[in-house]
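We count ligands from 1, going down the list as the structure has it; atoms in each ligand are counted the same way.
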Amino acid sequence: MPGVERWDEDAFRRAGHAMIDRIAAYWSSLRRWQGAPPVLCRLAPGDVLASVPAQAPEEGESWDSIVADLDRVVMPGLTHWQSPKFFGYFPANISAPGVLGDLLSSGLGVQGMLWLTSPACTELETRTLDWMARLIGLPGVFLSDAPDGGGVIQGTASEATLVALVAARTCARAGWASEGGVGAFTPVVYTSDQAHSSVLKSAMIAGVADPPPAEGSAPEAGPVTGRGGVRFIRSDARYAMDPDELERRLEEDVAAGRHPCIVVATLGTTGVMGVDDLERVGAVCARHGVWLHVDAAFAGSALVCPEHRGMIRGVERADSFSFNPHKWLLTNFECALFWTRRRADLLRALSVTPEYLRNAGSATGRVIDYRDWQVPLGRRFRALKLWFVMRSYGAAGLRAHVRGHVRLAEEFESLVRGDGRFEVAVPRGLSLVCLALRAGDEATRRLLEHANASGEAFFSHTVVSRRGDGAPGPDRFIIRVAIGGTFTRRRDVLGAWDLLRRTADGVVGPA
Ligand SMILES: *Cc1c(COP(=O)(O)O)cnc(C)c1O
């Protein structure tokens, strides 16, 4: 019984409706106040592996038996990212329109590598990226009707950084060569010591930097070799890149005959939500003719609210900008948006055109072929989910989503301040609260372990080297409370605080 025949449209309809029912029931179970599953998965390494046979089945199995295994194999092996009590890392928002858009993308099954291979896949993406650019207050130079601008959906912020880095390096190298450069081209990448690991990883992939010397070590100064490298610029008391230090490092490298090619600034660093000053960093980049890429992976979503636009002051100096609606803007993974105002430089760095991709549409030069804007050739119809989300919630709904979480984070922060056993380790940024026990690292670490083991909520941690008032101090272990889940409401946040308080009773005694 060949599978294709068994799966006629009626069979698909029945199984599909049941799958939607299953997903809806899962969401309901996560939102249940009592009896929700533990947020952090409790299985040991290899448990899931051991529950699945070593060999694939020879004969096709009944759909019922496959679905029945979900409750045995898959569900117990999940950490529930969509739980309203998941406060770890950064959120990974989903929403009904986002999920339906992804489902439709799968069902339509088009592959949008070229304009020709589905004009709707390309042009709807262009339009939704223009919508979003306007919604978050990006200047017109990033819009698709600007002479050299436009946006694209990448898989992840890491890919966006890689693409920017490769474009910047190609551009810097061409400039060097056209000025009669001799000897070795030594590209150098600059970012703050708070930047996401994807900056170093992008430089490693691009052949610019060597891997870090040992697991987990964050190099103070980039290991700049004959091939180039990454300079990690010191951050200031507020965890923002120090622009004077950036300028000094750039000048040193230029004087030593190296070739600065890109500065990656961050809006909302992953650890503690530091925000680089785009005006000052951008001014340094402009003086040195260096590409400025802005990584706003998490914080970019907040730009839908005018009250948070202060952080993009100076963005008109940026050459590229990216943020992830798949973190905090209701659009399920993967959806990282990337805009540039140097489209020609990007295309020069990434275009390769074999005969089999040539076509009349592309030859007109009047269409976008998004394959030239990204690492892979093929691409999903990802604009559908973003289009659904933007239309279904509207700008007002997106703003309300962000504002609700920021308000909850404010309330949470004030609760922390009101309990003398705790301290706010870094002033709140947007919806991220960073806290510690005054009793020290060991106590804070135990608090985190016990709270997560309860299954009632999930938090993650980081290490910072400053006190709550920004003064330098020894490395400290802190707990991050990232509020931003699609389903997270006030009672969940108050419940999380109650859990931390109760757990602290056992660790350091009652307040
Ligand atoms: C989360 C994050 C990233 C990585 O995002 P991916 O889309 O998973 O690659 C990059 N930069 C910052 C600042 C982040 O917070």
Side-chain angles (χ1 to χ4, degrees), residues 79 81 86-94 98 102 132 136 151-166 189-206 218 230 232-233 235 238-241 262-278 281 292-303 308 311-312 315 318 320-339 374-376 379-380 382 385-386 402 405 426 429-434 460-462 464 480-485:
T79 286
W81 280 76
F86 183 100
F87 301 101
Y89 316 109
F90 279 136
N93 279 187
I94 61 168
D102 231 12
M132 186 63 85
I136 65 173
V152 61
I153 305 180
Q154 307 276 351
T156 64
S158 305
E159 289 169 62
T161 298
L162 174 61
V163 158
L165 191 152
V166 169
V189 175
Y190 304 80
T191 199
S192 94
D193 57 15
Q194 301 295 308
H196 191 262
S197 54
S198 54
V199 179
L200 177 56
K201 190 165 178 174
S202 292
M204 285 156 56
I205 293 169
V230 180
F232 293 94
I233 306 300
S235 57
R238 291 158 65 205
Y239 298 95
M241 188 191 305
I262 188 171
V263 174
V264 180
T266 313
L267 302 182
T269 59
T270 316
V272 299
M273 199 65 65
V275 173
D276 293 343
D277 181 337
L278 297 187
V281 169
L292 173 60
H293 174 68
V294 178
D295 173 5
F298 174 77
S301 294
L303 297 171
H308 297 303
M311 65 181 160
I312 48 167
V315 73
S320 51
F321 182 96
S322 99
F323 92 95
N324 290 353
H326 71 223
K327 277 184 168 161
W328 196 18
L329 215 54
L330 298 165
T331 311
N332 42 296
F333 203 75
E334 305 143 315
C335 186
L337 309 188
F338 174 89
W339 291 269
Q374 61 175 21
V375 175
R379 59 203 324 273
R380 283 170 62 77
R382 287 186 290 221
K385 59 189 171 190
L386 187 61
V402 166
H405 292 141
V426 180
L430 296 173
S431 61
L432 177 70
V433 179
C434 295
S460 62
H461 76 278
T462 192
V464 295
R480 299 168 69 264
V481 183
I483 297 168

**Q** Is Asp102 salt-bridged to Arg380, going by a charged N under 4.0 Å from an acidic O?
**A**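 Between Arg380 and Asp102 there is a salt bridge, with a charged N closer than 4.0 Å to a carboxylate O.
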**Q** Quick one: pull up OG1 in Thr266 and NE2 in His196 and give me the separation to the nearest 0.5 Å.
**A**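 Between atom OG1 of Thr266 and atom NE2 of His196 there are 9.5 Å.
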**Q** Which residues pass the ring pair (Phe, Tyr, Trp, His ring centres under 6.0 Å) test with Phe298, sequence neighbours left out?
**A**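 With neighbours one apart ignored, the set is Phe90, Trp328.
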**Q** Using salt bridge (Lys or Arg N to Asp or Glu O under 4.0 Å) as the criterion, list what pairs up with Asp277, not counting sequence neighbours.
**A**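 For Asp277, no residue satisfies salt bridge (Lys or Arg N to Asp or Glu O under 4.0 Å) once neighbours in sequence are set aside.
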**Q** Extract all N/O-N/O pairs under 3.5 Å that connect ligand 1 to the protein, and present each with both atom names and the distance rounded to 0.1 Å.
**A**
residue, atom, partner, partner atom, Å
ligand 1, 7 (O), Ala157, N, 2.7
ligand 1, 7 (O), Asn324, ND2, 2.9
ligand 1, 7 (O), His326, NE2, 3.3
ligand 1, 9 (O), Ala157, N, 3.4
ligand 1, 9 (O), Ser158, N, 3.0
ligand 1, 9 (O), Ser158, OG, 2.6
ligand 1, 11 (N), Asp295, OD1, 3.3
ligand 1, 11 (N), Asp295, OD2, 2.6
ligand 1, 15 (O), Thr270, OG1, 3.0
ligand 1, 15 (O), Lys327, NZ, 2.9

**Q** Of all residues at least two apart in sequence or in a different chain, which pass the salt bridge (Lys or Arg N to Asp or Glu O under 4.0 Å) check with Arg379?
**A**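 Partners of Arg379 by the salt bridge (Lys or Arg N to Asp or Glu O under 4.0 Å) criterion, ordered by chain and then number, come out as Glu125.
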**Q** CG/Asp295 to CG/Asn324 distance, rounded to the nearest 0.5 angstrom?
**A**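 Going from the CG atom of Asp295 to the CG atom of Asn324 covers 7.5 Å.
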